[in-house]
Number of protein chains: 2
Amino acid sequence: MKIFHWGVIIMMTKEETEKLKQDLKERGYKLTPQRRAILNVIIVNEGKHLSPEEIYDQVKMECPEIGLATVYRTVQLLEKMGILYKMNFDDGVSRYELVHSAEDHQHHHLICLKCGAIEEVEDDLLEVLEERISKKYDFSIENHDVKFYGYCKRCK
Amino acid sequence: MKIFHWGVIIMMTKEETEKLKQDLKERGYKLTPQRRAILNVIIVNEGKHLSPEEIYDQVKMECPEIGLATVYRTVQLLEKMGILYKMNFDDGVSRYELVHSAEDHQHHHLICLKCGAIEEVEDDLLEVLEERISKKYDFSIENHDVKFYGYCKRCK
DNA sequence: ATCTCAATTGAAAAAGGTTATTTTTTATCC
DNA sequence: GGATAAAAAATAACCTTTTTCAATTGAGAT
Ligand SMILES: [Mn+2]
Ligand SMILES: [Mn+2]
Ligand SMILES: [Zn+2]
Ligand SMILES: [Zn+2]
């Protein structure tokens with residue numbers, strides 16, 4: 001369902017937009033069309049792990065006056081707010097995805113060494129390992145970043 | 001045991017040096033004093049995860065004419081040869097460590113969110129998870145990159 | 001020991017991604 | 001609508017990494 005607003009196609013529901021506005025306001029920030037458009041692009045492209053430049057290209061379609069610096073500033077802000085997660089797939093750019101649940105750990109990623117495809121793994125299965133590490137190393141784990149490199153079904 | 005050679009303190013054994021020379025030669029590369037000095041710094045600083053700049057600073061003590069570009073070129077070469085592993089701890093620089101065994105997976109890292117300390121975890125314990133992923137996603141795993149973020153014993 | 005030639009080097013410039021600065025515009029609140 | 005503080009655009013600066021290029025070096029052949 002598309003709702004036009006300020007010349008931007010909004011895929012966020014009214015509730016999501018309100019929630020965002022609320023979150024921003026609580027911290028003394030404003031909800032601007034640019035910020036909404038940027039978050040919207042990320043929501044619409046869920047699972048794609050976009051880079052700032054890629055977000056910029058998408059946002060520009062609806063919002064051609066926007067500057068790249070604004071995209072950088074906004075993803076940083078959204079990360080600081082716990083809405084986005086910054087990733088590194090060693091391809092020279094940072095990439096962002098939505099944080100799924102404020103409580104849960106982020107999912108794992110399977111990265112194909114041949115075609116570069118990135119698949120997501122929702123199973124966590126690290127509880128045993130984390131429990132053991134916490135004890136053995138006296139280290140309290142807050143989150144993890146787990147990447148598996150190999151060959152996807154099409155490339156192996 | 002230190003052996004002086006070409007004005008450089010060599011911590012590599014004669015055998016290690018020969019092995020390196022052999023490996024390089026097989027691929028049409030040469031063993032130069034710069035390359036030996038760079039690898040030596042990495043060996044001596046095992047566990048420290050040095051960046052190219054940090055390697056450069058160390059190497060310059062023994063080899064003051066060396067250029068930073070040579071360090072970058074050499075760590076890339078050593079990585080391509082499977083001797084080094086390139087890491088990313090999201091601190092703005094790439095970091096390198098020795099590959100422990102050509103067969104084994106690389107160890108995990110515990111990264112303290114407060115003091116930045118990096119601890120190594122030799123336990124792997126991912127066999128069950130990897131087995132399950134291989135089957136469920138039809139993905140053949142070659143290696144993994146596992147980081148745990150949290151608070152170390154001194155910071156928690 | 002000298003010669004030859006490809007590989008390697010250091011210095012400097014360029015590239016590429018990200019961040020900071022400055023001025024102008026905008027959102028919010030009254 | 002007007003005041004005020006945040007955010008935007010544009011541009012420059014920044015920092016790590018790569019490339020370029022002329023000069024040097026290493027290894028094998030002569
Ligand atoms: Mn993901
Ligand atoms: Mn390590
Ligand atoms: Zn693939
Ligand atoms: Zn710590």
Side-chain angles (χ1 to χ4, degrees), chain A residues 5-8 17-18 20-39 41 49-57 59-60 62-81 84 86-96, chain B residues 5-8 17-18 20-39 49-57 59-81 84 86-96:
Chain A
H5 195 233
W6 298 97
V8 179
T17 306
E18 271 315 307
L20 174 61
K21 189 169 182 176
Q22 186 64 27
D23 287 353
L24 287 163
K25 198 169 165 184
E26 274 169 18
R27 298 163 197 246
Y29 303 129
K30 293 170 182 170
L31 175 56
T32 65
Q34 292 92 332
R35 285 177 177 173
R36 182 165 38 200
I38 289 165
L39 182 55
V41 162
H49 311 99
L50 298 182
S51 66
E53 190 105 29
E54 289 165 353
I55 295 167
Y56 176 60
D57 291 340
V59 171
K60 250 195 315 196
E62 302 300 331
C63 197
E65 339 67 39
I66 202 170
L68 180 55
T70 299
V71 177
Y72 273 99
R73 280 186 298 240
T74 301
V75 291
Q76 274 176 210
L77 181 69
L78 294 174
E79 192 201 6
K80 204 168 63 182
M81 291 174 65
L84 297 186
K86 183 179 185 175
M87 336 221 58
N88 191 311
F89 293 122
D90 294 308
D91 60 350
V93 291
S94 52
R95 298 183 171 278
Y96 289 86
Chain B
H5 194 234
W6 297 95
V8 178
T17 306
E18 272 314 306
L20 174 61
K21 190 169 183 178
Q22 186 63 26
D23 288 354
L24 287 162
K25 199 168 165 185
E26 274 168 18
R27 298 162 196 245
Y29 303 129
K30 292 169 183 170
L31 176 55
T32 65
Q34 291 93 332
R35 285 176 178 171
R36 183 167 34 201
I38 289 165
L39 183 53
H49 310 99
L50 299 183
S51 67
E53 190 105 28
E54 289 164 353
I55 295 167
Y56 176 60
D57 290 339
V59 171
K60 250 198 314 198
M61 294 177 189
E62 300 300 330
C63 196
E65 340 66 40
I66 202 168
L68 180 56
T70 298
V71 177
Y72 274 99
R73 281 187 295 237
T74 301
V75 290
Q76 276 175 208
L77 180 69
L78 294 175
E79 192 201 5
K80 206 169 61 184
M81 291 173 64
L84 296 185
K86 183 181 186 174
M87 338 220 58
N88 191 313
F89 293 122
D90 294 309
D91 61 349
V93 292
S94 52
R95 297 184 172 278
Y96 290 85

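Chain identifiers are assigned alphabetically (A, B, ...) following the order of the sequence lines, protein sequences preceding nucleic acid strands; residue numbering begins at 1 within each chain.
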Taking only N/O atoms, report every protein-nucleotides 1-3 of chain C pair under 3.5 Å with atom names and distance.
none

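- With sequence neighbours left out, B/K21 forms a side chain to side chain contact (heavy atoms under 4.5 Å, CB included) with B/E18, B/L31.
- Atom CZ of B/R36 and atom P of C/dT8 are 15 Å apart (whole Å).
- Residue B/G28 is the one, among B/G28 and B/I66, whose nearest nucleotide of DNA chain C lies closer to the 5' end (criterion: closest heavy atom).
- Ring pair A/Y96/A/H49: centre-to-centre distance not below 6.0 Å.
- In this structure, B/K80 atom NZ and C/dT8 atom P are separated by 9 Å, rounded to whole Å.
- DNA chain D is contacted by A/T70, A/R73 of residues 70-77 of chain A, taking any non-hydrogen atom closer than 4.0 Å.
- In this structure, B/S94 has no side-chain hydrogen bond (donor to acceptor under 3.5 Å, both in side chains) partners at least two apart in sequence or on a different chain.
- Side-chain nitrogen and oxygen atoms of B/T32 include at least one within less than 4.0 Å of the OP1 or OP2 phosphate oxygen of C/dT9.
- With sequence neighbours left out, B/Y29 forms a ring-ring contact (aromatic ring centres under 6.0 Å, His included) with no residue at all.
- When rounded to the nearest whole Å, the span between CD of A/E53 and P of C/dA15 equals 16 Å.
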Report all interatomic pairs (protein N or O, nucleotide N or O of nucleotides 28-30 of chain D) with separations under 3.5 Å.
residue : atom : partner : partner atom : Å
D/dG28  : OP1  : B/K25   : NZ           : 3.3

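- B/Y56 is linked by a side chain to side chain contact (heavy atoms under 4.5 Å, CB included) to B/K60, B/I66, B/L68, B/V71, counting only residues two or more places apart in sequence or in another chain.
- From one end of the helix from C/dA1-D/dT30 to C/dC30-D/dG1 to the other, with five pairs defining each end axis, the axis direction shifts by 30° (rounded to 10°).
- The separation between A/Y96 atom OH and C/dG17 atom P is 14 Å, rounded to whole Å.
- Under the side-chain hydrogen bond (donor to acceptor under 3.5 Å, both in side chains) criterion, A/D23 pairs with A/K19, sequence neighbours left out.
- Between B/S51 and A/Q34, it is A/Q34 whose nearest contact on DNA chain D lies nearer the 5' terminus.
- With sequence neighbours excluded, the residues satisfying salt bridge (Lys or Arg N to Asp or Glu O under 4.0 Å) with A/R95 are A/E54, A/D91.
- Listed by chain and number, the residues in a side-chain hydrogen bond (donor to acceptor under 3.5 Å, both in side chains) with A/D90 amount to none (sequence neighbours excluded).
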